[in-house]
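Since the structure comes first, as structure tokens, the remarks are kept for the end.
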Amino acid sequence: MLSKVQAIRGMNDLLPEQSPLWQYFEGHIQALMSRYGYQEIRTPVLEQTSLFKRSIGEVTDIVEKEMYTFDDRSGDSLTLRPEGTAAVVRAAIENGMLHNQTQRLWYTGPMFRYERPQKGRYRQFHQVGVEIFGLDGPDIDAEAILLTARLWKQLGLNEHVTLELNSLGSNEARSAYRSLLVDYFTAHEDQLDEDSRRRLTSNPLRILDSKNPAMQDLIEGAPQLLEHLDRESQDHFESLKRLLDAAGIAYVINPRLVRGLDYYNRTVFEWTTTALGSQGTVCAGGRYDGLVEQLGGKPTRAVGFAMGIERLVLLLDTLGLVPPELHHNVDVYLMAMSDHGQSQALLLGETLRDALPGLRVQVHCGGGSFKSRMKKADRSGASLALILGEDELSEHTVSVKYLRDDTDQTTLDQPSLVALLTERFPAATEH
Ligand code: ATP
Ligand code: MG
């Protein structure tokens, strides 16, 4: 046999048994975004490499070691997008969407990072994100958080996630704080790991984001940015907290939350869970008021977040929050007893789909004995088998066999069948 070609490490197939859960999640997202008046934007998966270098920052994990970058046939350096914000900002500037306007946008799609694959961390993964332009108050920060909180509630996750909040202040406050931090870490240079020592000169705030357990005590003792905020950022943060309090959204202040991307300022937040081990951040975001200007647009305030779909789907699965109807994809299995009735079986299938748009009907195809047809009905996950035998065909009736309980088989005419299915699958009357 020839050798098999395998998928790229860290890039997964989404198999049929997993796709109902993804569709369930994505369905919630679409409905949620439209309920808040957010519009979808889709950008290409490939961008010029400079876009990410200029936005995410040269001295970040993403740009230093995680990007899929290559030269195309004409020698241009391109990168598979590692995140969505930079591309949405690029598109918004390029399409004149930011001039005297506000935008509430959302996107979803694959992102690519060359990381060590493990549970909840892949090389191709998927995010849903929101980007809001032209609004600078804490009210819009609060709305973005309320939207995510509503999603957790709808999915049954609200008891299992925690909102962590911090403020990074203005650029000025941050650079003053940066010197304090450099002084502190320089005084303890012998305790820094290799990464942090490198960051001491290039990007000292990122030391606070270190996941190395050996560094945690040192980080704990570092001066805190929250105590060195500028007046305006302080007010912004206080107002945001009041808005969240008023809406009944619980949060914890995490003064070490700095995020791994350079473009953030003021509000930053993460939703975390303890149920997924070390890959515990399911959603993360914040303000990036300087990014539009940094990418060549007019100064435009902005805030956004992104959530990792793989981690959320994993979380739903781990916590047993997958709705039971997602475990099977067929409600009724419709069959003729022999090939002679196949045409009527197909027709009845269409009639039922006309009458009950939400009903999941699978019509038996491919012949076989009655016994093997019944076996397939059982394996389909359907709770009812609809059977067309010789008598049913001549009398225009259908026999209903209950596959999951002891109810006796019945034979019905078509209107009574539709009535029975409507009663048994009430949601099936709606599309
Ligand atoms: P982490 O600290 O876990 O590396 P991050 O700070 O790099 O996350 P962001 O760039 O803010 O993450 O991306 C937002 C969300 O996307 C994360 O909270 C996570 O849910 C998801 N995510 C990020 N990287 C991956 C990955 N390699 N595989 C799967 N999901 C990911
Ligand atoms: Mg990361």
Side-chain angles (χ1 to χ4, degrees), residues 8-15 18-19 21-30 32-33 38 40-43 45 52 56 60-62 66-68 80-88 105-131 144-145 147-158 160-164 209 211 254 257-261 263-264 268-286 288 303-319 321-322:
I8 297 167
R9 200 164 109 83
M11 302 203 177
N12 303 312
D13 300 307
L14 181 65
L15 298 177
Q18 302 160 316
S19 58
L21 182 52
W22 279 66
Q23 289 169 353
Y24 165 77
F25 178 79
E26 288 162 350
H28 271 283
I29 292 293
Q30 283 210 3
L32 180 78
M33 295 302 173
Y38 286 52
E40 188 183 1
I41 182 166
R42 302 186 190 192
T43 64
V45 292
F52 303 113
I56 298 168
T60 56
D61 279 352
I62 295 180
E66 296 176 358
M67 293 207 303
Y68 277 91
L80 278 165
R81 62 179 182 198
E83 57 106 51
T85 303
V88 172
L105 306 176
W106 72 278
Y107 63 83
T108 184
M111 306 295 160
F112 304 85
R113 295 185 195 177
Y114 193 80
E115 300 198 70
R116 193 170 69 78
Q118 53 199 290
K119 185 177 154 199
R121 194 177 290 287
Y122 311 101
R123 290 183 172 175
Q124 174 173 328
F125 62 100
H126 298 76
Q127 288 183 336
V128 170
V130 152
E131 315 293 352
I145 291 171
L147 181 151
T148 53
R150 179 175 291 276
L151 179 66
W152 312 144
K153 205 159 182 196
Q154 285 179 359
L155 297 172
L157 289 172
N158 46 320
H160 305 278
V161 290
T162 304
L163 175 60
E164 298 184 25
D209 194 36
K211 308 250 159 48
N254 176 357
L257 184 65
V258 292
R259 308 289 304 112
L261 302 83
Y263 49 62
Y264 288 109
V268 287
F269 67 91
E270 287 191 357
W271 287 96
T272 58
T273 175
T274 51
L276 293 181
S278 52
Q279 268 57 256
T281 303
V282 292
C283 175
Y288 50 93
V303 56
F305 63 78
M307 53 181 90
I309 303 184
E310 280 83 357
R311 287 186 198 176
L312 284 162
V313 162
L314 196 60
L315 188 59
L316 290 170
D317 220 357
T318 308
L319 297 171
L321 293 170
V322 180

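Listed by chain and number, the residues in a side chain to side chain contact (heavy atoms under 4.5 Å, CB included) with L15 are D13, E17, Q18 (sequence neighbours excluded). Take P117 and apply the side chain to side chain contact (heavy atoms under 4.5 Å, CB included) test, not counting sequence neighbours, and it matches R9, R123. Under the side chain to side chain contact (heavy atoms under 4.5 Å, CB included) criterion, N158 pairs with W152, K153, not counting sequence neighbours. Among residues two or more places apart in sequence or in another chain, the salt bridge (Lys or Arg N to Asp or Glu O under 4.0 Å) test is passed with E66 by none. When the side chain to side chain contact (heavy atoms under 4.5 Å, CB included) test is applied to A284, the partners found at least two apart in sequence or on another chain are R259, E270, T281. In terms of the side-chain hydrogen bond (donor to acceptor under 3.5 Å, both in side chains) criterion, residue partners of Y38 (sequence neighbours excluded) are, by chain and number, E143. Residues passing the side-chain hydrogen bond (donor to acceptor under 3.5 Å, both in side chains) test with W106, sequence neighbours excluded: none. Residues passing the ring pair (Phe, Tyr, Trp, His ring centres under 6.0 Å) test with Y24 are H28, sequence neighbours excluded. Qualifying ring pair (Phe, Tyr, Trp, His ring centres under 6.0 Å) partners for Y288, counting only residues two or more places apart in sequence or in other chains: Y263. Applying the salt bridge (Lys or Arg N to Asp or Glu O under 4.0 Å) criterion to D209, with sequence neighbours excluded, gives R206. Partners of H160 according to the ring pair (Phe, Tyr, Trp, His ring centres under 6.0 Å) rule, which considers only residues two or more places apart in sequence or in another chain, do not exist here.
The nearest pair of heavy atoms linking T60 to I56 is CG2-O, 3.2 Å. Looking at every heavy atom in both residues, G286 comes nearest to Y264 through N-CE2, 3.4 Å. Closest heavy-atom contact between E131 and G84: OE2-C, 4.3 Å. Nearest heavy-atom pair, C283 versus F305, reported as atom, atom and distance to 0.1 Å: SG-CD1, 3.7 Å. Nearest heavy-atom pair, A275 versus T318, reported as atom, atom and distance to 0.1 Å: O-CG2, 4.1 Å. Nearest approach of T43 to A87, heavy atoms of both residues: OG1-CB, 3.6 Å.
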Subject >> Trace of the side-chain contact (heavy atoms from CB on, under 4.5 Å) decision for L32 with L147 >> reply: CA-CA 8 Å; L32 180 78; L147 181 151; 3.6 Å; yes
**OP:** Would you sort out whether F269 and E164 count as a side-chain contact (heavy atoms from CB on, under 4.5 Å), showing the intermediate values?
**Re:** CA-CA 5 Å; F269 67 91; E164 298 184 25; over 6 Å; no
**OP:** Kindly determine whether Q279 and R311 satisfy side-chain contact (heavy atoms from CB on, under 4.5 Å), including the steps that lead there.
**Re:** CA-CA 8 Å; Q279 268 57 256; R311 287 186 198 176; 3.6 Å; yes
**OP:** Kindly indicate, with the supporting measurements, whether the criterion side-chain contact (heavy atoms from CB on, under 4.5 Å) is fulfilled by W22 and E310.
**Re:** CA-CA 9 Å; W22 279 66; E310 280 83 357; 3.4 Å; yes
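For the pair T272 and V282, the minimum side-chain heavy-atom distance is 4.5 Å or more. Within the 4.5 Å cutoff, side-chain heavy atoms of L316 are placed close to those of L155. Looking at heavy atoms from C-beta onward, L163 lies in side-chain contact with I145 at the 4.5 angstrom threshold. The side-chain heavy atoms of L315 and V161, taken from C-beta on, include a pair separated by under 4.5 Å. Using a 4.5 Å cut-off on side-chain heavy atoms (C-beta onward), I309 and F25 make contact. Here the side chains of T148 and V130 are not in contact, with every heavy-atom distance at 4.5 Å or above. The shortest distance between side-chain heavy atoms of F112 and P82 does not fall below 4.5 Å.
Here the NE2 atom belonging to H126 is positioned 9.0 Å from the CG atom belonging to N12, to the nearest 0.5 angstrom. With rounding to the nearest 0.5 Å, the separation of CG in L312 from CG in L276 is 8.5 Å.
Among pairs with a residue in residues 111-121, those fulfilling salt bridge (Lys or Arg N to Asp or Glu O under 4.0 Å) read E115-R121, at least two apart in sequence or across chains.
Without hydrogens or angle criteria, R81 side chain to V45 main chain gives no donor-acceptor distance under 3.5 Å. Formation of a donor-acceptor pair under 3.5 Å by the Y107 side chain with backbone atoms of L105 is not found in this model. Looking at E83, its side chain does come within 3.5 Å of a backbone N or O of A86 through a donor-acceptor pair. The main-chain N or O of Q127 is found under 3.5 Å from a side-chain atom of T108 such that the two form a donor-acceptor pair.
Within a 6.0 Å radius of OH in Y114, other residues, nucleotides and ligands contribute 12 heavy atoms or fewer.
The residues E40 and R42 are annotated as salt-bridged, a charged nitrogen and a carboxylate oxygen being separated by less than 4.0 angstrom.
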